[in-house]
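So that the names make sense, note that chain A is the first sequence line, chain B the second, and so on, each numbered from 1.
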Protein chains: 2
Amino acid sequence: MTSTRDSILDAAESVVAREGGARLTIDAVVGESGYSKGGVLYHFRNKTALLEAMLERMLARVEVEVDAASTRAKAEASPLAPAIIEALLTHRKSDATVSVALLAASAEQPELLDPAREYVRNKVNDVLSDAPDPVTALIALLTIDGLHFNELLGIDYITPEQRELVQARLIRMMQEMYS
Amino acid sequence: MTSTRDSILDAAESVVAREGGARLTIDAVVGESGYSKGGVLYHFRNKTALLEAMLERMLARVEVEVDAASTRAKAEASPLAPAIIEALLTHRKSDATVSVALLAASAEQPELLDPAREYVRNKVNDVLSDAPDPVTALIALLTIDGLHFNELLGIDYITPEQRELVQARLIRMMQEMYS
DNA sequence: GTCTATAGTCCGATAGAC
DNA sequence: GTCTATCGGACTATAGAC
């Protein structure tokens, strides 16, 4: 029961992954999806609407993981902050190329990131209000951002081993926060 | 003695700052600079060459500050890592819009970031080889990346006060590393 | 809901005069 | 080194048939 909408979004992701964000044209999505231009534009009335939907779907994937970790922590009566931090740490972008391209597209239309901004703000508030030491929690969150963006941009001045060490240290910092 | 080259680059930055990266067309630079298209394309044989030059100039601005901090630390025989960390912390992008746009442009041509990548790798190596505890130093560097990217994307889930606290903590972490 | 066809716009790059 | 003029390509979006 993959909807037409979803299969068009799949096609759009494929185009970006294979050819980059600049090649994300409606015509390219038309070619990739097998639908016609009119058909695609029926489901997404313009290119911006398509981008919005792509970002929405991508954000939803992160939400699933983080929310699962949150409710699990709540059920186990264990602290929230470490749970969310760990969920964010283990979340790997399905495809960096797609993420970067969408991010790049958002540079031109900052409103596109609004839903993501709001979600992040809420989650950060959850973490900070739960954390005995907010500054430590902030540093952990920002470090994770740093890791993600470096991975996204392929800067990776960090080896996999170093990454492991950083992750372990962050988790330890979170745990020690509660003792 | 502002060279023609430089004034064209200035014009390009103005265009991006005012209208965003998507509007960074050669025609727009032509209009902004007052030169003709032929004139602009004499100095930058195509758009990629223009982007390269813009990134190069932007990187050079960071290099100046960081290298100054490095040599100052060396002269005072004080530790290198805190000096570089502090320099990176205080460095504020002259214009976030321009940075984001150039970053976005680099999404399509990752090679554009190669010079920046190499510079960053070198500096990180400098910091890590000087730091008694590399993991702590890495977390500081990644936190700074997180701060910068959040500022760039306007996500800023962080208040100015929180930012101050984080900065102070990072500096303290760097100092304690040596004791 | 999906198709074809096309209008209308913008852009990068070249050629060649001065 | 700087200019004008212009070509060729690519893109979004609309109109209207099926």
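A/R172 has a carboxylate O that lies under 4.0 Å from a charged side-chain N of A/E176, or vice versa, which qualifies the two as a salt bridge. B/R18 and B/D95 are not joined by a salt bridge, as no carboxylate oxygen comes within less than 4.0 angstrom of a charged side-chain nitrogen.
B/T25 comes within 4.0 angstrom of sugar-phosphate atoms only, judged by non-hydrogen atoms across all strands, and of no base. Counting any heavy atom pair closer than 4.0 Å across all strands shown, A/D27 reaches a base atom.
Of the candidates C/dT6, C/dT2, C/dG12, the closest approach to any side-chain atom of A/S36 belongs to C/dT2. Distance from the side chain of B/T4 is smallest to D/dT2 among C/dA13, D/dT2, D/dA13. If you check C/dT2, D/dG1, C/dA13 against the side chain of B/Y42, the one that comes closest is D/dG1. For B/N46, taking side-chain heavy atoms from C-beta onward, the closest of the listed nucleotides C/dA13, D/dA13, C/dC11 is C/dA13. For B/K37, the side-chain atoms get nearest to C/dT14 when compared with the rest of C/dT14, C/dA5, C/dT2. The listed nucleotides are C/dT2, C/dA13, D/dT14; the one nearest the side chain of A/L41 is D/dT14.
Rounded to whole angstrom, the span from the CZ atom of A/R45 across to the P atom of D/dT14 amounts to 10 Å. Taking atom CZ of A/F44 as the reference point, atom P of C/dG1 lies 13 Å away to the nearest angstrom. Between the CG atom of B/L51 and the C1' atom of C/dA13 there is a distance of 15 Å, rounded to whole Å. One interatomic measurement links the two molecules: NZ of B/K47 to C1' of C/dC10, which rounds to 11 Å at whole-angstrom precision. In this structure, the CD1 atom of B/I8 is 11 Å from the P atom of D/dG1, given to the nearest Å. Straight-line distance from the NE2 atom of B/H43 to the C1' atom of D/dG1: 6 Å, rounded to whole Å.
Rounded to the nearest 0.5 angstrom, A/E13 CD and A/R57 CZ are separated by 4.5 Å. Rounding to the nearest 0.5 angstrom, the gap separating the OG1 atom in B/T143 from the CD1 atom in A/I139 is 5.5 Å. The CG atom of A/L102 sits 5.0 Å away from the CE atom of A/M58 when rounded to the nearest 0.5 Å.
At most 12 heavy atoms of other shown residues, nucleotides or ligands fall within 6.0 angstrom of atom CD in B/E118.
Both B/Y35 and A/R23 lie near DNA chain D, and the one whose nearest nucleotide falls closer to the 5' end is B/Y35.
Side-chain polar atoms of B/T25 and B/D27 form no donor-acceptor pair below 3.5 angstrom.
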Set out, line by line, the N/O atom pairs under 3.5 Å between protein and nucleotides 16-18 of chain C.
none

